[in-house]
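Side-chain atoms are counted along with the backbone in the values below, which use heavy atoms only and exclude waters and symmetry mates. Values in this document were obtained by computation on a predicted structure and should not be read as measured data. To find a chain, count down the sequence lines: A is the first, B the second, and so on, and within it residues start at 1.
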Amino acid sequence: MADYNHKSVESKWQEYWKTNDTFISKVDPAKPKYYALDMFPYPSGAGLHVGHPLGYIASDIVSRYKRIKGFNVLHPMGFDAFGLPAEQYAIETGQHPAITTEENIKRYKEQLENIGFSFDWSTEVQTCDPKFYKWTQWIFMQLFNSWYDYNTNKAASIESLISTFETEGNSNVNAACDDDIETFSADEWKAFSEQEKEQVLLQYRLTYLSDAVVNWCPAMGTVLANDEIKDGVSERGGHPVERKKMKQWMMRITAYADRLLTNLEHLDWSESMKEMQSNWIGKSKGCELDFKVADHDITLTAFTTRPDTIYGVTYLVLAPEHDLIQTLTTADQKEAVEAYVTEAKNRSERERMADVKSVSGVFTGSYVVNPFTGENVPLWIADYVLAGYGTGVVMAVPSSDDRDYRFATHFDLPVVLVIEGTEALEDPTEKKHGVMINSGILDGMKSADAIQKAIDHAVEKGFGKAKVNFKIRDAVFSRQRYWGEPVPVYFEDGIPKLIDEQDLPLALPNIDKYKPTETGEPPLGRATDWKYKGQYDYELTTMPGWAGSSWYFLRYMDAQNEDAFVSQEAVAYWKEVDLYIGGTEHATGHLLYSRFWNLFLYDRGFIKHEEPFQKLINQGMIQGRSSLVYRVNNTNQFVSHGLRKDYETTAIHVDISMVRNDVLDTEAFKQWRPDLADAEFILEDGKYVCGSEIEKMSKRYYNVVNPDDIVEKYGADTLRLYEMFLGPLEQFKPWNTNGIDGVAKFLRKSWSLFHDGQGNFNVSDEAATKEELKVIHKAIKKAEEDIERFSFNTSVSTFMICVNDLTALKCNKREVLEKLVVIVSPYAPHIAEELWQLLGNQESVIKATFPQFDESYLTEDTFEYPISINGKMRTKIHIAVDMPKEEVEKMVLEDETVMKWTEGKTPKKVIVVPKRIVNVVL
RNA sequence: GCCCAGGUGGUGGAAUUGGUAGACACGCAGGACUUAAAAUCCUGUGGGCAUUGCGCCCGUGCGGGUUCAAGUCCCGCCCUGGGUACCA
């Protein structure tokens with residue numbers, strides 16, 4: 001046996017795990033469960049880069065650790081396989097997206113297997129598999145058949161709503177529903193036609209059809225979510241996006257706004273993650289106040305969080321999209337208003353975002369009455385008011401709101417101060433809270449009290465009520481695309497109906513082209529012979545990418561089940577995900593939608609836990625280091641990094657495989673592209689030095705590092721250890737292999753511990769010395785603590801120290817080395833298996849138990865001595881064990897010195913505390 | 001603008017509740033082995049002053065503060081990364 005050979009060892013054990021089904025997990029009530037989950041990848045054509053496995057390695061370490069800690073671990077993997085790139089590719093090449101997707105998945109699986117993950121592939125899910133999306137469609141049907149009852153604060157079946165309608169109409173129903181529902185009695189309900197009834201019910205269902213203003217991307221022929229748009233253009237492809245009204249399936253996530261917010265409290269997520277979600281949900285408490293329009297029979301309702309400033313209202317503003325604008329505009333303002341409204345509507349999102357600072361608006365000519373003062377204030381229109389939030393009407397208080405102030409100053413509207421102390425300020429909005437002045441019945445009160453008083457007053461007089469507003473909007477669920485789950489709906493006389501559950505899955509039909517039809521219908525409009533029961537038209541839109549990913553974590557528990565999306569038994573055992581690892585970019589998308597669907601399924605009794613992800617860790621992105629060359633403008637000359645200031649240059653990304661230590665291989669560069677064949681170089685010190693940039697790892701920057709290459713050169717164990725060693729999991733960090741030799745060296749040293757100088761296995765059965773046991777128990781303790789707090793980088797250091805120490809002691813005792821193998825096995829499983837076998841074990845190291853930490857090996861020379869200082873602060877001091885406590889106390893009291901470390905022992909700390917403040921409690 | 005996270009040697013990063021700052025690793029320098037190289041091993045490595053005393057001074061973005069003691073807590077700034085975008 002020669003030196004450690006990672007290639008043969010790693011393939012041997014990967015084969016072993018596969019043939020022995022080592023990681024298959026079955027429900028086992030005798031054992032505690034642990035569910036460790038990664039956000040499943042979208043299988044893109046580019047394959048995995050070294051950033052992808054970062055989170056997978058972490059969750060794999062935890063999974064393997066939990067197994068040797070005696071847990072039954074569910075550690076699955078799957079693919080988020082519906083999506084735009086495959087479809088885009090299909091449009092370009094005519095190839096069915098299922099084929100490209102399958103190829104990509106195959107490649108991903110090979111790459112993943114190279115790294116030695118302990119995934120249970122028997123539970124694999126692919127969202128584009130009809131056996132999987134059958135249940136995505138099924139959940140859609142449950143949502144369609146449900147409504148949200150605010151009285152019980154949970155979702156209920158639509159039948160229960162119908163029976164309420166039949167007995168008492170809808171006046172007592174407190175539901176999450178469309179705003180403009182007319183009240184009806186039980187008799188009126190019964191008198192409705194079937195069609196009318198369906199129309200009414202659609203306004204209550206948790207998924208419903210609506211004329212929504214959507215972001216329509218003409219170039220892609222689809223609707224995009226707000227989070228799919230960056231800077232007014234599509235995130236993918238950068239195509240322009242316009243606003244357009246379309247019939248869309250919607251998800252009534254707003255019904256769950258409050259629970260999505262309050263449940264955050266109990267989740268073990270990072271503060272910033274919770275913050276992001278709660279900002280997105282955007283709960284604000286306030287009230288609605290009614291303003292009568294002077295000389296009209298119309299009342300406008302404004303939402304405000306600051307009713308206390310009502311006496312400072314100097315004008316009202318409507319959103320340009322407001323329905324009553326025409327009615328409320330006076331004849332002489334008509335022209336100006338029309339011009340303004342047209343302009344505001346035509347301004348694209350992009351333009352609106354570009355100039356947040358500019359102020360624009362127009363006077364309607366009408367006035368409204370301040371219900372508190374009875375005074376008239378002018379009614380304006382401005383695009384800083386959004387139609388979609390609150391009521392689309394804002395009561396403007398220039399003295400306490402920045403935008404109102406800017407607007408008022410711009411249009412010379414009056415500013416009435418309502419807070420004491422603002423007189424002295426140049427900009428009164430700098431002080432937003434304080435004692436009220438110029439405020440009639442609120443004078444002299446503090447803002448907080450005045451808010452309550454104002455609301456009470458408004459309620460009493462009947463012109464207002466307390467109201468909670470949310471920023472979060474219902475989610476658009478329709479995509480004008482092919483490569484997604486078909487919506488299991490057909491239309492009978494224009495009424496949407498669910499297909500029969502027996503007919504699920506509703507499979508994607510084959511079509512000739514993947515583009516929208518000539519008449520503008522979604523691609524599914526091209527399908528021939530695709531009608532429900534041969535006669536009714538199917539819904540032609542498909543579900544968005546987040547549909548499948550909103551529940552896939554439940555399917556892993558029982559992936560083969562053909563009778564239910566998950567069995568009650570499986571869900572009762574595996575419960576929620578114990579550890580979920582993935583990127584922050586899903587904060588307001590996937591993570592919110594999943595919580596929504598999970599809550600819904602919980603309400604309807606299909607699962608047993610309210611929240612899907614107990615503990616969430618967001619791994620940081622591994623960035624790439626791109627290399628740049630500098631082309632002298634209008635030439636084919638390239639100037640070295642250090643000399644580029646003397647020329648006018650353009651930086652060009654070059655493939656990092658042509659660059660070593662920032663020096664360009666000029667011959668390879670010339671052969672890279674035909675236009676570079678006659679490139680000339682201006683060198684410094686005889687070399688061409690490249691510039692560099694840290695940025696996202698991406699094909700287009702030529703900076704992608706493939707994990708396969710690292711595995712080939714150093715082995716999977718080294719890659720695993722190194723990715724962990726690179727720094728804290730959550731942190732963003734550039735990929736570099738500068739330190740990878742240190743980790744490789746660690747594995748070689750570990751291997752050497754088990755072998756003599758000639759490479760023969762050489763482990764002794766002699767009893768370990770005290771010193772040796774101390775070294776290993778220190779490592780056991782530290783390794784356990786580190787992994788429990790997900791500090792993987794420090795545990796790698798712990799192993800290195802342990803191996804260094806054992807090497808220095810020339811320790812080759814079985815008793816010690818066996819423990820070492822087990823604690824290192826989650827990180828470097830292949831070498832651990834090999835050593836475990838060499839030690840004479842028949843079974844996988846996965847079946848081992850984590851070594852029991854024994855305090856007594858560490859406490860031999862120190863113990864903890866707690867003292868309290870001034871009765872408030874407390875600290876624990878390690879003191880030498882051979883020093884009697886009495887002597888320590890004497891030292892504290894007499895010498896003003898708590899302790900001294902005995903020579904040569906660690907830690908050798910001397911803490912001097914004046915005796916007047918020391919009170920020994922032990 | 002607002003919200004969140006962070007700023008520690010030449011580099012990646014340790015320091016779990018306030019208690020030896022810089023663990024571990026890379027890099028670098030010197031040495032051993034070698035004809036030589038690779039590999040391996042040993043020594044040194046925050047800065048400055050001493051290096052005939054193994055000792056002294058400074059040091060965790062900047063400026064203050066609390067404390068016997070601050071990288072850690074408080075106040076005020078600066079910078080970097082992330083989120084968000086007129087939310088009344």
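Atom CG in A/Asp741 sits about 13 Å away from atom C1' in B/rA38, given to the nearest Å. Between A/Asp404 atom CG and B/rA88 atom P the separation is 11 Å, expressed in whole Å. Distance, A/Ile455 CD1 to B/rA88 C1': 14 Å, rounded to whole Å. Computed from coordinates, the A/Arg406 CZ to B/rA85 P distance equals 17 Å when rounded to whole Å. The interatomic distance linking A/Leu726 (CG) with B/rA14 (P) rounds to 11 Å, in whole Å. Rounded to an integer number of Å, the gap from CZ of A/Phe407 to P of B/rA88 is 18 Å. To the nearest angstrom, P of B/rC26 lies 18 Å from CD of A/Glu723. Atom-to-atom, NZ of A/Lys745 to P of B/rA25 comes out at 8 Å; the value is rounded to the nearest Å.
Between A/Lys432 and A/Asp402, at least one side-chain nitrogen of the basic residue sits less than 4.0 Å from a carboxylate oxygen of the acidic one, meeting the salt-bridge criterion. Under a 4.0 Å N-O distance rule, the pair A/Lys782/A/Asp786 qualifies as a salt bridge.
Of all nucleotides present, none satisfies the Watson-Crick or G-U wobble test against B/rG9 with each distance under 3.5 Å. Using Watson-Crick or G-U wobble geometry with both donor-acceptor distances under 3.5 Å, B/rA21 finds no partner in any strand shown. In this structure, B/rC56 and B/rG48 make a Watson-Crick or G-U wobble pair, each of the two defining distances being under 3.5 angstrom. Judged by Watson-Crick or G-U wobble contacts below 3.5 Å, the nucleotide B/rG81 has B/rC4 as its partner. Pairing of B/rG30, defined by two Watson-Crick or G-U wobble distances under 3.5 Å, is identified with B/rC42. Taking a pair to require two hydrogen-bonding distances under 3.5 Å in either a Watson-Crick or a G-U wobble arrangement, B/rC62 pairs with B/rG76. Base pairing of B/rA36 is not made with any nucleotide, judged by Watson-Crick or G-U wobble geometry with both donor-acceptor distances under 3.5 Å. Look at B/rA69: it lacks any Watson-Crick or wobble partner with both distances under 3.5 angstrom.
Residue contacts for A/Asn804: at a heavy-atom cut-off of 4.0 Å it reaches the sugar-phosphate backbone alone, with no base atom in range. Using a 4.0 Å heavy-atom cutoff across all strands shown, A/Phe303 reaches at least one base atom of the nucleic acid. Base engagement by A/Ser797 is indicated by at least one non-hydrogen atom pair under 4.0 Å involving a base atom. Among the protein residues, A/Asn793 comes within range of the sugar-phosphate backbone only, with heavy atoms under 4.0 Å from sugar or phosphate atoms but none that close to a base. At a threshold of 4.0 angstrom between heavy atoms, the contacts of A/Glu275 are confined to the sugar-phosphate backbone, with no base atom among them. Among the heavy atoms of the strands lying under 4.0 Å from A/Glu785 is at least one base atom, whether or not backbone atoms are also near. Counting any heavy atom pair closer than 4.0 Å across all strands shown, A/Asn738 reaches sugar-phosphate atoms only and no base atom.
Listed nucleotides: B/rA39, B/rC86, B/rU84. Nearest to the side chain of A/Tyr384: B/rC86. Relative to the side chain of A/Arg789, the nucleotides B/rG13, B/rA15, B/rA25 differ in distance, and B/rA15 lies closest. In the set B/rC3, B/rA88, B/rU84, B/rC3 carries the atom at the smallest distance from any side-chain atom of A/Asn279.
Residue A/Arg403 places no side-chain N or O under 4.0 Å from the OP1 or OP2 atom of B/rG1. For B/rG81, neither phosphate oxygen OP1 nor OP2 lies less than 4.0 angstrom from any side-chain nitrogen or oxygen of A/Gln623.
Ring centroids of A/Phe372 and A/Phe463 are separated by less than 6.0 Å, placing the two rings close together. When ring centroids are compared, A/Tyr722 and A/Tyr714 stay outside the 6.0 Å threshold.
A donor and an acceptor atom, one from each side chain of A/Ser399 and A/Tyr405, are nowhere located under 3.5 Å apart. Looking only at atom types and distance, the side chain of A/Glu695 has a donor-acceptor partner in the side chain of A/Ser626 under 3.5 Å away. Side-chain polar atoms of A/Asp290 and A/Thr299 form no donor-acceptor pair below 3.5 angstrom.
Rounded to whole Å, the separation between the C1' atoms of B/rC49 and B/rG64 comes to 29 Å. To the nearest whole angstrom, the two P atoms, one in B/rU80 and one in B/rA70, are 30 Å apart. Spacing between B/rG13 and B/rA23 at atom C1', rounded to whole Å, works out to 10 Å. Only the C1' atoms considered, B/rC24 is 22 Å distant from B/rG6, to the nearest whole Å. Atom name P, nucleotides B/rG9 and B/rG47: the rounded distance is 12 Å, in whole Å. Here, B/rC42 and B/rG65 have their P atoms 47 Å apart, quoted to the whole Å. Here, B/rA25 and B/rC41 have their P atoms 11 Å apart, quoted to the whole Å. With both ends at atom C1', the span from B/rA21 to B/rU60 equals 7 Å, rounded to whole Å.
Comparing A/Thr304 and A/Phe725 by the nucleotide of RNA chain B that holds the closest heavy atom to each, the one mapping nearer the 5' end is A/Phe725. Along RNA chain B, the nucleotide nearest A/Pro734 and the nucleotide nearest A/Lys782 are compared for position; the residue whose nucleotide lies closer to the 5' end is A/Pro734.
For B/rG55, the glycosidic angle deviates from 0 by more than 90°, giving an anti base.
Between A/Gln277 and the choices A/Leu261, A/Leu260, A/Leu267, A/Leu591, the side-chain contact (heavy atoms from CB on, under 4.5 Å) rule is met once, by A/Leu591.
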